[in-house]
Protein chains: 2
Amino acid sequence: MTAHDHANCIDRALAEAERICSQRGARLTPLRRQVLEEIWRNHEAVKAYDLIHRLSGSEHTTKPPTVYRALDFLLEHGLIHRIESLNAYVGCDHPEAHHDPVLFLCERCGDVREARHAGLIAILDEMAATQGFTIAHRTLELRGRCTRCQSPDDKDHARPPADLP
Amino acid sequence: MTAHDHANCIDRALAEAERICSQRGARLTPLRRQVLEEIWRNHEAVKAYDLIHRLSGSEHTTKPPTVYRALDFLLEHGLIHRIESLNAYVGCDHPEAHHDPVLFLCERCGDVREARHAGLIAILDEMAATQGFTIAHRTLELRGRCTRCQSPDDKDHARPPADLP
DNA sequence: TAATCCTACGTTATAAAGTAACAATAGAAC
DNA sequence: GTTCTATTGTTACTTTATAACGTAGGATTA
Ligand SMILES: [Zn+2]
Ligand SMILES: [Zn+2]
Ligand SMILES: [Zn+2]
Ligand SMILES: [Zn+2]
């Protein structure tokens, strides 16, 4: 992601989520809101078990089902996307209407960016139609390097090494 | 998949694999060949642990690393595709040249069909180019219903219930 | 031929990702 | 307030995948 005021992203995402949920009579409980907030901490793909660790204080430990249920809720309401090729999740940029985005996954910095393209969907629909296939869901993920990660040896914003055990 | 002489598919796939490997100086060992053969038993997505069970006779038990290494070899040489959204694998129809196919996954019968479309790839490349993204790999998977599985209550070729424990 | 090297395969152990089943609790509805 | 339902907690487990190291066999070389 290009440099930006990320606090804005977070505020906007949470406000949108509140709005959408109240509009649908769905309950964005504190837990669900907290998970969404953690996912929006940055624009990187987030793993379920990272969420579990982040939500587990030294006292209170959060168990897998707790997080997975929150993720299910957020997925159902289109507030996040699941990244199949990474077993990870990312906040949705445009949650107001359902969509299957193209996800650009930077394998250097971990950032995820979503895009949509009507012509692309049209081609997929046409491919499906010619063989009588009915599409229920599209998984469209592109792995590679984002703009900022083109130069192979620039270490400025490379993903930090994984947490030590 | 439409009705067809599947023995042909298997023969062709194995012959192609032999040809490609020998041409590249890669060794299609008995184990790797056996895994490929199991994957080609039909046109369905195959799970790694199913392969482990299939290769484990009552005496000789095959361990995960054995199968995963064979899968890695087959993936490297483009003889199979990994299906990210299913954690499963399927034989490649056209292994002679590298490609990232569109995979049509029938959620009723489990069949997988691969397709390619130059215009689609062009659009993805163009989307990437406009944001300075360099694509290394594409995951394109469409979940839904194949031609034969359009009528919701036709049970003729529904996937059998999972193996009992 | 024997020493060597390298690749593939075997084995043990463990990590990472996800779910089933049931109990406890907190909101909403009555 | 009581009942009902949705949400969260908890225990246990399944599925998927990898790390680390040992072994065997074929090719290469001395
Ligand atoms: Zn941001
Ligand atoms: Zn990047
Ligand atoms: Zn293919
Ligand atoms: Zn089908």
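Predicted model, so just to flag it, every value in this text is computed and none were measured. Order of the sequence lines fixes the chain letters, A, B, ..., with proteins taken first and strands second; residue numbering starts at 1 for each chain. Worth knowing before you read on, the calculation uses all heavy atoms, side chains too, and leaves out hydrogens, waters and symmetry mates.
A side-chain donor-acceptor contact under 3.5 Å links A/H99 to the backbone of A/A97. In this structure, B/T147 contributes its side chain and A/Q131 its backbone to a donor-acceptor pair below 3.5 Å.
When heavy atoms are screened at a 4.0 angstrom cut-off, A/R69 is found touching base atoms of the nucleic acid.
Position along DNA chain C of the nearest nucleotide to B/R27 versus B/T61 favours B/R27 as the more 5'-ward residue.
The phosphate of D/dT8 has neither OP1 nor OP2 within less than 4.0 Å of any side-chain N or O from A/T66. Residue A/T29 has a polar side-chain atom (N or O) positioned under 4.0 Å from OP1 or OP2 of D/dT8.
The ring pair (Phe, Tyr, Trp, His ring centres under 6.0 Å) test applied to B/H6 returns B/H4, B/H43, not counting sequence neighbours.
Separation of atoms NE2 (A/H117) and CG (A/L140) is listed at 12.0 Å; rounding is to 0.5 Å.
Atom CG of A/L31 and atom C1' of C/dA26 are 14 Å apart (whole Å). Atom CD1 in B/I52 sits roughly 14 Å away from atom P in C/dT11 (whole-Å rounding). Rounded to an integer number of Å, the gap from A/H53 NE2 to C/dA15 P is 11 Å. One interatomic measurement links the two molecules: CZ of B/R32 to C1' of C/dG10, which rounds to 14 Å at whole-angstrom precision. A straight line from CD of A/Q34 to P of D/dT8 spans 11 Å, rounded to a whole angstrom.
For the side chain to side chain contact (heavy atoms under 4.5 Å, CB included) with B/D125, the lone residue among B/L120, B/I135, B/T130 that qualifies is B/I135.
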Nucleotide N/O to protein N/O under 3.5 Å, stretch nucleotides 12-19 of chain D:
| unit_1 | atom_1 | unit_2 | atom_2 | d |
| --- | --- | --- | --- | --- |
| D/dT16 | OP1 | B/K47 | NZ | 2.6 |
| D/dA17 | OP1 | B/R82 | NH1 | 3.0 |
| D/dA17 | OP1 | B/R82 | NH2 | 2.9 |
| D/dA17 | OP2 | B/Y68 | OH | 2.9 |
| D/dA17 | O5' | B/Y68 | OH | 3.4 |
| D/dA17 | N7 | B/Y49 | OH | 2.6 |

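For the pair A/E16 and A/H94, the minimum side-chain heavy-atom distance is 4.5 Å or more.
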